[in-house]
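Hydrogens, waters and symmetry mates are skipped; everything else that's a heavy atom, side chains included, is used.
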Amino acid sequence: LSAPPPLYPDGRNPAMKIRPETREILRQYKALINARRRDAGQRELTTAQVMDEICEYMTCQCAVYPGGHFILQGGKGQ
C-alpha cells in the first residue's frame, strides 16, 4: 500500500483541486456543521468527512444534477 499524499501545513490535501469559491462554500458548511455538533456535544468533522456526508446525502436524493447532467436514481442511498 502506498502512503497517502502529504497534507499542506494548513491541512489541505494537494490531490483535491477545487475552485476557491467551492472551497469557501465547503468551509462555511463545515463551520456551521461543526458549530452545531459542538453544541450537541459531538466531535467535529474533518473536511473529508463533510464531503463524505455530502456525497452520502446526494445518494439519498431521487435525482441529482451534477456537471450539467440529470441523474435519476433510487433515492435510498444505493
Side-chain angles (χ1 to χ4, degrees):
L1 294 172
S2 62
L7 297 178
Y8 290 123
D10 65 1
R12 290 181 297 133
N13 183 335
M16 190 169 183
K17 296 185 180 16
I18 57 177
R19 296 178 318 166
E21 298 86 1
T22 302
R23 189 170 301 283
E24 178 60 18
I25 291 167
L26 183 56
R27 186 197 65 75
Q28 290 177 20
Y29 273 125
K30 180 182 170 190
L32 178 61
I33 290 165
N34 283 332
R36 290 182 180 178
R37 289 180 66 86
R38 278 191 303 276
D39 289 346
Q42 298 173 311
R43 66 177 178 78
E44 294 186 9
L45 298 181
T46 65
T47 301
Q49 289 170 317
V50 171
M51 285 299 301
D52 286 343
E53 293 286 331
I54 290 169
C55 289
E56 176 66 24
Y57 173 79
M58 287 181 64
T59 66
C60 296
Q61 303 307 301
C62 293
V64 293
Y65 194 73
H69 293 274
F70 184 76
I71 301 172
L72 188 60
Q73 50 192 24
K76 297 191 185 352
Q78 301 173 358

Give, for atom CD1 of I54 and atom CD of E56, the distance between the pair rounded to the nearest 0.5 Å.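 One gets 12.0 Å once the value is rounded to the nearest 0.5 Å.
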Between T59 and Q73, which heavy-atom pair has the shortest distance, and what is it? CA-NE2, 3.8 Å
For the student: nearest non-hydrogen atoms of L72 and C62, plus distance: CD1-O, 3.5 Å
Identify every side-chain donor-acceptor pair in residues 30-40 under 3.5 Å, counting partners at least two apart or on other chains, and give the distances.
unit_1 : atom_1 : unit_2 : atom_2 : d
K30    : NZ     : T47    : OG1    : 3.1
N34    : OD1    : L45    : N      : 2.7
N34    : ND2    : K30    : O      : 3.4
N34    : ND2    : L45    : O      : 3.0
R37    : NE     : R43    : O      : 2.6
R37    : NH2    : R43    : O      : 3.1
R38    : NH1    : E44    : OE2    : 2.5

Should we count OH of Y65 as having more than 12 external heavy atoms under 6.0 Å?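 Incorrect, the count does not exceed 12.
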Linking Ile, Leu, Val, Met, Phe, Trp and Tyr by side-chain heavy atoms under 4.5 Å, what else ends up with Y57? none
Partner set under side-chain hydrogen bond (donor to acceptor under 3.5 Å, both in side chains) for R27, not counting sequence neighbours: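 In terms of side-chain hydrogen bond (donor to acceptor under 3.5 Å, both in side chains), with neighbours along the sequence ignored, R27 is linked to E24.
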